[in-house]
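Contents: one structure, followed by commentary.
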Amino acid sequence: MSLWVDKYRPVSLSKVDYHKTQAEHLRNLVQQGDFPHLLFYGPCGAGKKTRIMMLLRELYGTGVEKLRMGHLNFQTSNNKKLEIMSVSSNYHIEINASDAGIYDKIVVMELIKNAAQTHQLDVNGQGEFKIILLNEVDKLTKDAQQALRRTMEKYIATCRLILCANSISQVIPAIRSRCLSIRVPSPTNEEIISILMNICKKEGLSLPTELARRIAEKCDGNLRRAILMCETCKINQYPFDKNQNIVEPDWQKFIYETASIILKEQSPQNLLNIRSRLYELLCHGIPTEIIFKHLLKHLLKNCNLSVKKEIIQVAAEFEHRLHRGSKIIFHLEAFVAKLMLIETNFITSYMCDILEFS
Amino acid sequence: MQAFITSNKSSLNSGESSTKQTTKKDEKKNKKSIPWVEKYRPHTVDDIVEQNEIVATLKQCLAGADLPHFLFYGPPGSGKTSTIIAAARQLFGDMYKDRILELNASDDRGIQVIRDKVKTFSQVTVSSTRSDGKPCPPYKIIILDEADSMTSAAQAALRRTMEKETKSTRFCLICNYVSCIIQPLTSRCAKYRFKPLSKEMMLNRLKLICKEENVLYEEKSLDVLVDACGGDLRRAITCLQSCARLKGNKSLALEDILEVTGIIPDHYIIMMFEVCRERNFEKIENFVEKLLSEAYCAPQVLEQFLELIISSNDLTDIQKSHICEKIAVCSWRLQDGASEYVQLLDLCYCVINVL
Ligand SMILES: Nc1ncnc2c1ncn2[C@@H]1O[C@H](COP(=O)(O)OP(=O)(O)OP(=O)(O)O)[C@@H](O)[C@H]1O
Ligand SMILES: [Mg+2]
């Protein structure tokens with residue numbers, strides 16, 4: 001039995017649940033083979049990947065759905081062997097080049113050159129060009145992005161790139177200039193609710209609107225997460241109750257607890273405690289950006305109004321350092337220490353005020 | 001991967017019987033399936049718009065004058081690569097392949113390659129006649145495109161070769177930021193800055209394409225498009241093509257242009273200022289989240305916000321300067337990869353502070 005997320009993933013551009021005009025536009029765009037390289041961007045779970053797959057289907061028919069997993073082997077200039085996972089069909093190949101770390105340039109180059117050189121095999125109209133789908137381009141090194149530039153132009157007749165990114169601020173201007181950027185916003189809460197209701201209807205379940213609304217509010221605009229949450233709710237308790245508990249991801253709870261601990265007590269002892277919690281999060285592979293964002297959100301919600309400005313200022317500074325430096329934990333820890341200082345200063349000045357007053 | 005490469009064999013077989021008759025048709029079709037940017041890439045030096053200085057120089061070279069080493073620099077889509085390639089094609093005609101070595105960021109350009117490949121290529125002397133007896137310049141050109149990504153060690157290795165082989169070889173370095181090229185190299189080259197294209201020139205070029213492709217347009221929409229692309233003709237052409245296709249009826253609509261170019265609707269930017277003015281922290285946080293869930297990109301927000309601040313009438317100069325400074329800091333941090341959420345919040349809180 002497949003998960004609802006997969007089971008109810010729309011497969012054709014004419015059947016999407018939201019961003020309908022955009023889907024219509026995409027269809028028109030690829031109707032003729034001369035569309036440019038595409039760059040899809042939007043937050044997690046907004047449906048970028050789904051749209052890309054639908055686009056491929058529109059181009060090549062159902063043949064693209066016969067997917068194969070494969071491993072690609074590469075050799076770096078200092079004779080190191082690399083293995084990268086790929087998913088491919090007869091018409092396209094998809095990889096996550098950032099998996100190769102600092103060697104991503106080699107992966108990107110070889111892949112495109114290989115694909116482009118096989119062009120002459122093809123005389124039939126349908127496969128005039130192939131599609132290379134690169135995920136997480138914003139995570140590619142600058143070197144790899146540079147390497148894409150001229151290659152993208154040179155082989156445009158034989159292969160098109162579809163790039164996928166969470167945010168384009170990390171994509172170099174030269175690449176952006178070469179692609180048509182397609183913005184994929186998160187679905188609104190209303191859209192999420194109606195999608196959840198629809199899925200439940202198809203499953204023969206009755207979902208209270210109130211519960212759907214609560215899920216939509218908790219999922220951060222991430223549709224995938226919303227559907228997963230809904231399915232978990234169903235497993236935990238059916239018939240649904242509109243006030244039933246919605247299971248949030250463990251790490252999220254953990255981060256929130258961490259934030260509360262920071263606000264509760266400011267001492268070296270506690271700093272040590274927080275440090276081990278941060279390590280725990282990092283060990284579980286939670287991206288630093290997420291840790292930072294949720295920590296900050298929770299802090300802002302629970303701190304005193306007068307220190308908010310200061311906290312934001314400090315956060316912006318330390319979050320930036322984290323990207324320049326190499327050891328993540330140093331900066332996270334420095335941030336926490338600074339927070340504690342702000343909090344302590346605030347409490348002492350508050351006390352002083354009271355004393356002076358009396 | 002293997003399957004991916006060989007996959008078309010089957011289609012080859014099935015299509016074989018009809019191959020002969022369809023070759024002509026295919027050629028036509030192949031032409032058609034190239035995006036407009038490539039279709040309208042300048043073929044001769046005369047097609048290059050705007051960059052007058054270099055065009056004049058190249059014309060002299062085409063007429064027989066000697067060619068110096070070149071260094072082209074300028075923002076993306078201003079015609080650097082197109083210019084040198086078009087010139088080289090005109091200079092060498094069908095000997096292009098033998099006379100040109102094009103190395104770009106996708107090629108390995110470490111010290112070793114510079115020492116071996118480039119050196120060997122540059123040492124070969126060539127004659128001043130073509131195979132068909134016509135005269136042609138007695139040198140080769142090595143194009144180092146996208147030189148920003150060359151290490152300074154590799155650049156240093158170039159110095160000697162560049163000086164020694166001037167008889168038989170000319171170099172053409174191309175980059176976006178001239179500061180990425182080491183001083184000893186820049187001093188050996190004739191430097192040409194490729195300006196972002198002017199509005200008029202871009203409009204002319206776009207109109208020409210519209211005419212060729214039978215696209216209906218209104219002056220106003222083209223205006224917006226050109227403004228949004230800020231001197232990047234490649235981006236403008238790509239957007240033009242996409243807009244023309246979106247609705248399927250080959251006409252440009254204003255809202256499509258806004259969408260395709262990623263411009264943020266004005267009311268968001270105005271609202272950003274308004275929520276700051278209200279000093280409601282919760283509203284600010286919600287607003288920033290909304291903005292990011294709409295997938296608008298933070299640098300674009302900064303850019304448009306900056307415009308709003310500068311043109312605002314009810315801020316004092318001191319206030320403006322404080323906000324602008326913060327925008328600069330945030331933009332720098334974003335470039336280093338900082339979180340959009342945190343930086344935008346920081347900016348908003350700074351605005352509150354200043355007001
Ligand atoms: N000055 C120009 N005249 C005519 N067409 C231009 C000009 N500049 C850019 N274009 C158009 O833009 C496309 C890209 O130009 P080109 O590849 O020369 O840019 P570039 O300066 O090399 O950019 P990059 O720095 O990103 O490599 C061309 O195919 C052409 O259609
Ligand atoms: Mg170029």
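Chain A is the first sequence line, chain B the second, and so forth, proteins listed ahead of strands; every chain is numbered from 1. Source: prediction; values computed, not measured.
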Checking heavy atoms, do the side chain of [X], its backbone, both or neither come under 4.5 Å from chain B?
X        : result
A:Gln313 : both
A:Ile172 : neither
A:Lys154 : side chain
A:Gln170 : side chain
A:Val108 : neither
A:Gln22  : neither
A:Arg324 : side chain
A:Leu29  : both
A:Arg160 : side chain

Tell me, out of [options], who's got the most heavy-atom pairs with chain B below 4.5 Å.
options                                : value
A:Gly221, A:Pro187, A:Ser169           : A:Ser169
A:His37, A:Lys297, A:Lys301, A:Arg321  : A:Lys297
A:Thr151, A:Leu148, A:Leu300, A:Ile182 : A:Leu300

* How are the rings of A:Tyr60 and A:Phe129 set relative to one another: parallel (under 30°), tilted (30 to 60°) or perpendicular (over 60°)? ->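 Judged by the thresholds at 30° and 60°, the geometry between A:Tyr60 and A:Phe129 is perpendicular.
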* Indicate the ring-plane relationship of A:Phe335 and A:Phe292, choosing parallel, tilted or perpendicular according to the 30° and 60° boundaries. =>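 Correct class here is parallel.
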Would you call [X]-[Y] a salt bridge at under 4.0 Å N-O?
X        : Y        : answer
B:Arg245 : A:Asp34  : yes
B:Asp346 : B:Arg333 : yes
A:Arg149 : A:Glu153 : no
A:Lys293 : A:Glu319 : no

* Counterpart residues, ring-ring contact (aromatic ring centres under 6.0 Å, His included), relative to B:Tyr296 (two or more places apart) ->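 B:Tyr296 satisfies ring-ring contact (aromatic ring centres under 6.0 Å, His included) with B:Tyr268 only.
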[Y] versus [X], side-chain donor and acceptor atoms under 3.5 Å:
X        : Y        : value
A:Ser306 : A:Asn304 : yes
A:Thr188 : A:Glu191 : yes
A:Ser167 : A:Asp138 : no

* **side chain to side chain donor-acceptor pair (under 3.5 Å) partners for A:Arg51, two or more places apart** =>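 Residues passing side chain to side chain donor-acceptor pair (under 3.5 Å) with A:Arg51: none at all.
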So which of [options] has the biggest tally of heavy-atom pairs under 4.5 Å with chain A?
options                               : answer
B:Leu334, B:Asp145, B:Asn176, B:Val37 : B:Asn176
B:Cys350, B:Ala338, B:Ser149          : B:Ala338
B:Leu292, B:Asn353, B:Leu347          : B:Asn353
B:Glu102, B:Gln343, B:Glu146, B:Glu38 : B:Glu146

* Pairs where residues 302-315 of chain A contributes a residue and the test salt bridge (charged side-chain N to carboxylate O under 4.0 Å, His left out) is met, not counting sequence neighbours ->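 Salt bridge (charged side-chain N to carboxylate O under 4.0 Å, His left out) check on residues 302-315 of chain A returns A:Lys308-B:Glu285.
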* Asked: At their closest point, which heavy atom of A:Gly47 faces which heavy atom of A:Val184, and how far apart are they?
  ->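 Minimum heavy-atom separation between A:Gly47 and A:Val184: C-CG1, 4.3 Å.
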* To do: Mind listing the closest non-hydrogen atom pair of A:Asn189 and A:Ala216 along with its distance?
  =>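 Heavy-atom minimum between the residues: OD1-O, 3.5 Å.
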* To do: Under 4.5 Å, heavy atom to heavy atom: which of residues 38-46 of chain A reach chain B? Give them by number, or say none.
  =>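 When heavy atoms of chain B are the reference, residues 38-46 of chain A contributes A:Tyr41, A:Gly42, A:Pro43 within the under-4.5 Å range.
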